[in-house]
Asks: 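Below is a structure I'd like to ask you about.
Letters A, B, ... are given to chains in the order of the sequence lines, protein chains preceding strands, and every chain is numbered from 1.
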Amino acid sequence: MKAIKYTGLVLFLAGLAIFTSLLFLGKYEVTTEAFDAFTTSKGIKSELFINSFKQRITDKEYTSQFTLSSDILEILDSSNEIHKKNQEWDKVIWDKPHNFAYDLIKPAGKGSIVEHKGMYWWLTFGLGIIGSLMFILPNIILLGAPGIKNNGIFLNAATNRGWIGIGAFVYLVAFYILLYFRPEYIVNWTYVLDPISSGLSGNLASQWFLYGFLYCVVMIVMGIRMYIKYRHNMYQIIRTTAVLFFQIAFAFLIPEILVRFNKPYFDFKNAFPLDYDFFFDWNINNLINSGNLGLFMLVWGIALTVIIVPVMVYFFGKRWYCSWVCGCGGLAETLGDPYRQLSSKRLVAWKVERWLIHGVLIFSLVMTAFTLYSYFTTEATVLGIKTQDIQFYYGFLIGSWFSGVIGTGFYPIMGNRTWCRFGCPLAAYMGLVQRFKSRFRITTNGGQCISCGNCSTYCEQGIDVRAYAQKGENIVRASCVGCGVCSAVCPRGVLKLENGPEAGRINPTDVLLGNDIDLMNFVNKK
Amino acid sequence: MEHIVIIGNGISGVTAARHIRKLSDKKITIISGETDYFFSRTALMYVYMGHMKFEHTQPYESWFWKKNRIELKKGFVSKVNHEQNELVFQNGETLSYDKLILAVGSKPNKFGWPGQDLDGVMGMYHKQDLQNLEKYAPDNTACKRAVIVGGGLIGIELAEMLHSRHIPVTFLVRESSFWNGVLPAGESAMINREILDNHIDLRLGVNLKEIVADENGKAKGIVIAETDEFIECDVVGLTAGVSPNVDFLRESGIELGRGIKVNRYLETNIPNIYAIGDCAEQHEAIGSRRPIEAVWYTGRMMGETVAQTICGNRIQYKPGHWFNSAKFIDIEYQTYGWVWAKPKEGTSQFYWEHPNGKKCIHLNYETDSRKFIGINTFGIRMRHEIFDRWLNEEQTVEHILEHLKDANFDPEFYKQYESEIVSKFNQENNTSIKVKAKSWKRIFSRV
Ligand SMILES: Cc1cc2nc3c(=O)[nH]c(=O)nc-3n(C[C@H](O)[C@H](O)[C@H](O)COP(=O)(O)OP(=O)(O)OC[C@H]3O[C@@H](n4cnc5c(N)ncnc54)[C@H](O)[C@@H]3O)c2cc1C
Ligand code: SF4
Ligand code: SF4
């Protein structure tokens, strides 16, 4: 068994190494033909750009996308600069430079990777998947009988912020920075997914297809790990199945298939304000112009946020979304599960959390108010601020840095719900409903708590569950995502997630059972 | 300002301090020789097993004490001079008090076995024991085998701890079946199986004769009394129960039995000195409880009670219905009321066990009146509040079974076994009880 496990590890690391080395392997050549087609389709009017590009780049073989990209950007910059100086606004190329470079480089690839996409898929994704499954599956036997097996978590460099954890952190952060800010560097990764992407949507794989596919693969593999780890716990099994289903079907397959049928790309479960660009003019226009289905999507999106989300939170708590449906939550509960114990339980962390998450909620609402105002009045500036600017900053700061680079990249350092806990505006909104108007609570089982602290340690949201449990108080907290792990790890059967009548939800048993009632009258007198 | 001094920063001492602070402005000092801050002794095992770091066992952050004006002092008290209201520390320092609370806890029992003080021999009670274990049993190369002596709750925890680091364990249990002084035969047998399933070498009905030293004064093996068998090992864990940690009080004039003798108000024979937690011994046992109760929640309740008394509201320690819980490797155990290991006269029992042998419940009731006395539940969580209410209401066993779903506390989507349990009961007793669906209304109705 151990041999299988370690072979798996070697295969996985080999896959990861090949995947990483792909970044340094490609060959590229932008042919004149391809370039002409590109300039026509983009409607580029700058002769300056076209000429210098043809002089310097076309029909020349590059051995690295880094130099190719830097040449493209240099030409783009200098021609834009001159046009701007001459106030030739229609000749300026307004595209985001790195996406622009990506669009030029993607069709320019040649050589081994482009010719053997399938083989490279197996060498990267294939090895990674097989290797990690070989690493994970033997746990059915190695972990021993079903039950909580957290042995050695704080003794292992991968899960106690040791060197492996730091390595994973650096890798994840680098990955997200490339994904969001340097897509043209990772074009080789997208090649290996072209066949799958074409099969689904008919298009070649973009960096977002790469991300979506990788996301699903990681969730499935780590979901299998969850199934094994919590195979004694039906709540965890059903919940894991639900997040996998919603990710694969709703976030990945359905949008791709919609695109295949020339419908708008739409994730039916992604609710505003997590889906922060839902009200952006391009999205609204796109939906309005897509016939009945588009209109339905528009109405659905609004109803989701305004009606479905709060009603469901009332009945089931925000867990129905955060740990049953949401993609961010899904990644946190699968890939992130090994890191849940790293969330800070200190009081200051809670304070920071409340400021940050509600700050992001307000930011998203203000940004959306600006957007809608501009949409209906067609004024580009509101209160002296350009709507486009505020949208850009939200997207940059919150959409890319916070939810991606920090939110996921920091899993191995700050725990798996970094985004959900500190940043997600939808979580903040649902948290308010959950705290003040919901049937959900975690019931504390009378006086059984022995203050051991397993619950607090393994709460990914950094809730000090023990602080409530040891006083016999129920846990009613805005941030609880109902993952159920506190209840699972409690060695004394103290905690139960449940939906019940609102009466008595908060402190129904202020009494630590076992004690005589008279004493408790005094103890509870504050 | 009155100065309250508490010796012992365990659950009982700390609870007393917290509640005195809630109720008053008195000066409070907590003394401990063990650690700077309160930690949860019950979680020591999880630190060794790598589930937690030591800091996770501390229920309060370090700013808590300052904020609540509770002074912490590290040091061992070697003497109490009650005539002068003064404590003397091991290093000669003194400290005076107006009221003294003794919350000094327990220490592991040692029965004078030869070799019991060798290196590599340890109890499992204090933080220092954990450090010792980490030193002598860091992994299975440094420690090729460990022997545990004494089959109680701490013994099985220690076995699980060592097992988590793949250290082979031999577990010597004096009784003929694990913990059968407390558990009835069915439950006890279930735990025997659980121990064996985890490849722990369980030896029932044997006693330790001696621990054998190597040339460096470190344990190298033990000898079993009954068979004279020698078992080679690097670590010996002594877990044959605990007893009150009162040796330093022998000359103090405070009345001692096995523990510190207290009345129902937790007062000792000396005015202004109180004792709570593991170290307190009631003059007379309360109900079917033992005079010394070495469990977590009784320490907490005594702390709450003594705080009231010290703050001018003199009240008795009145623990309600007995309850407790534990976990035997993977099997969780809860108990409410009393299920005795040997049935008492006039009582009947009902036992149901799941075919997988890892879940069971055991009900105890009065044969004639049908009054419910208690339940053991293994592998199924039950609601404390509901059982407490049923015990208060003196419900019948039939009532309990009919409403058993109200008491189920397992996580959502778990398979429930009430109908199987009840149909077995019906079969054995010729009754026709029907299980009622769970009712929130009943669960939340107050008595
Ligand atoms: C491994 C283990 C697991 C357990 N698991 C459970 C469980 O699951 N459920 C349960 O109900 N109970 C459990 N218990 C029992 C429970 O931990 C005790 O009942 C409880 O901790 C007793 O609290 P206390 O405050 O009375 O004393 P303690 O926690 O023992 O605290 C007493 C403190 O006083 C200090 N002290 C003593 N004498 C002096 C002195 N002269 N000078 C200075 N300081 C002194 C000691 O060093 C110690 O720090 C467990 C115990 C152990 C050891
Ligand atoms: S309190 Fe429990 S259920 Fe809620 S997020 Fe924390 S661990 Fe999950
Ligand atoms: S895990 Fe359970 S027993 Fe431990 S502190 Fe939390 S609620 Fe209490």
Asks: Does CZ in B:Arg290 sit with more than 12 non-hydrogen atoms of other residues, nucleotides or ligands closer than 6.0 Å?
Replies: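 Open: at most 12 neighbouring heavy atoms sit under 6.0 Å from CZ of B:Arg290.
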Asks: Mind ranking B:Ala43, B:Ser325, B:Ser40 by heavy-atom pairs under 4.5 Å with chain A and telling me who comes out on top?
Replies: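 Of the options given, most contacts go to B:Ser325.
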Asks: Looking at B:Lys53, B:Lys415, B:Arg381, which has the largest count of heavy-atom pairs under 4.5 Å with chain A?
Replies: B:Arg381
Asks: Check each atom of A:Arg466 against the heavy atoms of chain B and say whether the ones under 4.5 Å are side chain, backbone, both or neither.
Replies: side chain
Asks: List the atom of B:Tyr297, the atom of A:Gly447, and the distance in Å for their closest heavy-atom pair.
Replies: CB-O, 4.1 Å
Asks: Measuring heavy-atom distances to chain A, does B:Arg165 have an atom under 4.5 Å in its side chain, in its backbone, in both, or in neither?
Replies: side chain
Asks: What part of A:Ala145 lies closer than 4.5 angstrom to a heavy atom of chain B: side chain, backbone, both or neither?
Replies: both
Asks: Using a 4.5 angstrom heavy-atom cutoff, name the option from B:Gln58, B:Gln316, B:His19 with the most pairs to chain A.
Replies: B:Gln58
Asks: Enter the distance from A:Leu495:CG to B:Phe409:CZ here, rounded to the nearest 0.5 Å.
Replies: 7.0 Å
Asks: Pick one of side chain, backbone, both or neither for A:Asn233, based on which atoms fall under 4.5 Å of a heavy atom in chain B.
Replies: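 It is both, since atoms from each part get that close.
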Asks: State, with a plain yes or no, whether a side-chain heavy atom of B:Asp330 is found less than 4.5 Å away from one of A:Lys149.
Replies: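 They are in side-chain contact.
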Asks: A:Ile153, A:Thr159, A:Thr457, A:Val494: which one forms the most heavy-atom pairs within less than 4.5 Å of chain B?
Replies: A:Thr457
Asks: Considering all heavy atoms of both residues, which atom of A:Ser487 and which atom of B:Pro411 are nearest to each other, and what is their separation?
Replies: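 Heavy atoms only, the tightest pair is OG-CG, 3.8 Å.
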Asks: Kindly indicate whether the side chain of B:Tyr46, heavy atoms from C-beta on, has any atom under 4.5 Å from the side chain of A:Asn150.
Replies: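 When only atoms from C-beta onward are counted, A:Asn150 and B:Tyr46 do not touch, as no gap falls below 4.5 Å.
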Asks: Charged N to carboxylate O under 4.0 angstrom, A:Glu498 versus B:Arg383?
Replies: yes
Asks: What part of A:Ile238 lies closer than 4.5 angstrom to a heavy atom of chain B: side chain, backbone, both or neither?
Replies: side chain
Asks: Which heavy atom in A:Ile148 sits nearest to a heavy atom in B:Lys327, and how many Å separate them?
Replies: CB-NZ, 4.3 Å
Asks: Which residue out of B:Thr42, B:Thr57, B:Ile11, B:Asp410 racks up the most heavy-atom pairs below 4.5 Å with chain A?
Replies: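 If we count pairs closer than 4.5 Å to chain A, B:Thr42 comes out on top.
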Asks: Pick from A:Gly493, A:Gly453, A:Pro501, A:Gly500: which one has the most heavy-atom pairs with chain B under 4.5 Å?
Replies: A:Gly493
Asks: Are A:Gln448 and B:Tyr336 packed together at the side-chain level, in the sense that at least one heavy-atom pair is separated by less than 4.5 angstrom?
Replies: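 They are in side-chain contact.
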Asks: Once rounded to the nearest 0.5 Å, what's the spacing between atom NE2 of B:His163 and atom CG of A:Asn151?
Replies: 8.0 Å
Asks: Using side-chain heavy atoms (C-beta onward) and a distance below 4.5 Å, is B:Tyr414 in contact with A:His232?
Replies: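 Contact flag for B:Tyr414/A:His232 side chains = yes.
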Asks: So which of B:Ile331, B:Ile329, B:Asn313, B:Leu391 has the biggest tally of heavy-atom pairs under 4.5 Å with chain A?
Replies: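 Max contact count across the listed options: B:Asn313.
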Asks: How close do A:Cys490 and B:Glu332 get, counting heavy atoms only, and between which atoms?
Replies: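 For A:Cys490 versus B:Glu332, the nearest heavy atoms are O-OE2, 3.5 Å.
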Asks: For the residue pair A:Arg441 and B:Phe444, what are the closest heavy atoms and their distance?
Replies: NH1-CZ, 3.5 Å
Asks: Given a strict heavy-atom distance threshold of 4.5 Å, which part of A:Asn454 is in contact with chain B: side chain, backbone, both, or neither?
Replies: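 Its backbone and side chain both get close to chain B.
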Asks: Please round to the nearest 0.5 Å and tell me the distance separating atom CG of B:Asp139 and atom CG of A:Leu155.
Replies: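 It is 11.0 Å, given to the nearest 0.5 Å.
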Asks: Classify the ring geometry between B:Phe413 and A:Tyr235 as parallel (under 30°), tilted (30 to 60°) or perpendicular (over 60°).
Replies: parallel
Asks: Measure distances from B:Trp322 to the heavy atoms of chain A and classify the residue's part below 4.5 Å as side chain, backbone, both or neither.
Replies: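 The answer is neither part of B:Trp322.
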Asks: Out of A:Gly152, A:Ser456, A:Cys449, return the one with the most heavy atom pairs under 4.5 angstrom to chain B.
Replies: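 The candidate making the most pairs under 4.5 Å is A:Gly152.
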Asks: Do B:His51 and A:Val489 have side chains that approach each other closer than 4.5 Å (heavy atoms only, starting at C-beta)?
Replies: no
Asks: What distance separates A:Gln470 CD from B:Thr15 OG1, expressed to the nearest 0.5 Å?
Replies: 8.5 Å
Asks: Checking B:Tyr48 against chain A: side chain, backbone, both or neither under 4.5 Å from a heavy atom?
Replies: backbone
Asks: B:Lys441, B:His56, B:Met45: which one forms the most heavy-atom pairs within less than 4.5 Å of chain A?
Replies: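 So the answer, after comparing B:Lys441, B:His56, B:Met45, is B:His56.
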Asks: Is it the case that atom CZ in B:Arg264 sees more than 12 heavy atoms from other parts of the structure closer than 6.0 Å?
Replies: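 Yes.
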Asks: Kindly say whether B:Met382 contributes a backbone atom to a donor-acceptor pair with the side chain of A:Asn445 at under 3.5 angstrom?
Replies: yes
Asks: When rounded to the nearest 0.5 angstrom, what distance separates CG in A:Leu497 from CD in B:Glu412?
Replies: 6.0 Å
Asks: Side chains of B:Glu61 and A:Leu347, heavy atoms from C-beta outward: is any pair under 4.5 Å?
Replies: yes
Asks: Where does B:Asn198 contact chain A at under 4.5 Å (heavy atoms): side chain, backbone, both or neither?
Replies: neither
